[in-house]
Undergrad: 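Provided herewith is a single structure, encoded as structure tokens, for subsequent inquiry.
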Amino acid sequence: MSNGIEIHIDTEACMGSGNCVYWAPGSFDLADEGHAVPLDPSATEEGRLWVAVEGCPVGAISLWRDGRPLVKEG
Amino acid sequence: MGPTKTDTAMAPFDPNELKDTVAGNVRDPYPVMAELRRQSPVHVGPVDLGTGPEEHYGDVPPVTVFGFDECVQVLRDNETFSSTIYESVVGGVMGRTILQMDEPEHRVQRALVAPAFRSKILERWEDDLVRAVVDELIDRFAAQGHADLVRELTFNFPVQVIARILGLPRTDYPRFQRWAIAITSVAANWDRGVAASEALRDYFAEVLADRRRHPDDDLISELAAVEVDGQHLTDEEIFSFLRLLLPAGVETTYRASGNLLFGLLTNPDQLGAVEEDRSLLSQAFEESVRWEPPVTVILRRTTRDTTLADVPIPAGADVALLLGAANRDERKYEKPDEFDMFRAVRQHVGFGFGVHVCLGMHLARMETRVALNTIFDRLADLRLDPAPGQDVHVHGLAFRSPISLPVAFSAR
Ligand code: HEM
Ligand code: SF4
């Protein structure tokens, strides 16, 4: 089931920490080149996706819906 | 395998040796830090964290950061806040490492060592290596029904894990552990630390030469073989990096696993919950690194005039980031002083943040998870069991962890 969320990763900024993969393994993977790539956004419940966004040490992840960046609620 | 003669040669070191000299004799620095943070998240000039006013030399006043958002801001702006400050602090013992490099050099060097620390690569060490180390240590005391988990387990397992990951021969563990302790406690005994660093360099030179001839499935062989965009690591870079792994990877993990056990043992409801559902271990560990980060302070130096939380800071200032204070910022966390693995906000700066974020965090997470799983599998009804008058607590200022964890249990 799609949750309508798109994951954007700024691969220039990404330094390959692997934190997003740790928090949301179904939704992120590390490419051999050392940066993260998005997998299935709906594999992780939304709250956990935000843990991955906030836990990114260089702020390289944003979540989008309907062509607009999402802002975390609360 | 049971304990051997050479293994017992590892025992003489007493974790108490690291207590007052390196760690700072402080039981709970957090109320003072919270008070200073309420005054301002950023202080310019010497601060008194309860151990007397900071010593300070030079013209530029030191800066201390107590706030969460402010720490994140500093760690993400590595052009203004440089890591070269570590050249004088640790460079003398470790040699030149990624810890003290700025961009773009840091990014290139880190990319060379990073593949060996990805969680997928580490998986192969979980059962045969980490679990085996912990099982062996537990074998020695399981029948007794009680133990000091710091002395008998958490203090010993990370150094043995690193020794095995490096592929060192078993007979070398005792001297490797002695060097590790000497390097880690260099602040307490500079000459001993420097001597150990030189001895380790010579020792690694032999091992590396051997692995270049006969590559094996270990970290030293991996580092010898790395190539990213035509770049390799030189021998000297490998020696420095390997030496950095001792303070960065051994002491931290020993302290972090002690802090997690302390958090759980003093909150039996949460201990019960993780024992029941082991998938909660990762969030329990993360919460313990927030609540009691083993490394409570990291350093940067400003390369230009700047402001932080509206506070002006001059170029050339030494900036201390109090990760422990940031992790308990009440503007970020509810009831920050409580260990609560069910809290909603998980982000913390216990592993640092920004481009220098801990390289070994996946190893630390895996090691601690495997250690706790093994403890729960083998020791039932685990509980704190202090001697009369014994005060079990987390101790230290720059580095924090319990000095002892007396427990009782029944072996399964
Ligand atoms: C719970 C255990 C650990 C904690 C709390 C911890 C904490 C930290 C922190 C706070 C930093 C940032 C330093 C700075 O920015 O100034 C760091 C960096 C680092 N850590 Fe860890 N660490 C842990 C385990 C490990 C392990 C197991 C290893 C490797 C075996 C390791 C290797 C490193 C390295 C190489 C760096 C330097 C990274 C860079 O400068 O790019 N750490 N660690
Ligand atoms: S957490 Fe951020 S820096 Fe780390 S791999 Fe994911 S996107 Fe990259």
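Since this is a predicted model, take the numbers as computed values, not measurements. Keep in mind that the numbers below use all heavy atoms, side chains included, and drop hydrogens, waters and symmetry copies. Numbered from 1 within each chain, the chains take letters A, B, ... in sequence-line order.
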Undergrad: Looking at chain B, which one of A:Ser17, A:Ala13, A:Gly47 has the largest number of heavy-atom pairs inside 4.5 Å, strictly under?
TA: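 Most pairs with chain B among the choices: A:Ser17.
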Undergrad: Flag the pair A:Arg68 and A:Asp66 as a salt bridge only when some basic side-chain nitrogen lies within less than 4.0 angstrom of an acidic carboxylate oxygen.
TA: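 Result for this pair is no, no salt bridge flagged.
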Undergrad: Give, as side chain, backbone, both or neither, the part of A:Val51 having an atom under 4.5 angstrom from any heavy atom of chain B.
TA: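 Just its side chain gets close to chain B.
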Undergrad: Please classify the contact between A:Trp23 and chain B as side chain, backbone, both or neither, with a heavy-atom cut-off of under 4.5 Å.
TA: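 For A:Trp23, the side chain is the part near chain B, not the backbone.
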Undergrad: Hey, is B:Glu287 close enough to B:Arg346 for a salt bridge, meaning N to O under 4.0 Å?
TA: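 Salt bridge flag = no for B:Arg346 with B:Glu287.
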Undergrad: Could you report the tightest heavy-atom contact between B:Ser82 and B:Thr303, atom names first, then the distance?
TA: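 In terms of heavy atoms, the two residues are closest at CB-CG2, 3.7 Å.
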Undergrad: Inspect the contact between B:Arg110 and B:Glu103 and indicate whether a charged nitrogen and a carboxylate oxygen are less than 4.0 angstrom apart.
TA: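 No salt bridge links B:Glu103 with B:Arg110.
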Undergrad: Which one, A:Asn19, A:Leu30, A:Val21, leads in non-hydrogen pairs under 4.5 Å with chain B?
TA: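 Of A:Asn19, A:Leu30, A:Val21, A:Asn19 has the most heavy-atom pairs under 4.5 Å with chain B.
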Undergrad: For B:Asn373 and B:Arg278, does a side-chain donor sit closer than 3.5 Å to a side-chain acceptor?
TA: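 Their side chains do contain a donor-acceptor pair, which is all the 3.5 Å distance test asks for.
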Undergrad: Top residue by heavy-atom pair count (under 4.5 Å) with chain A, among B:His362, B:Lys120, B:His356?
TA: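 Max contact count across the listed options: B:His362.
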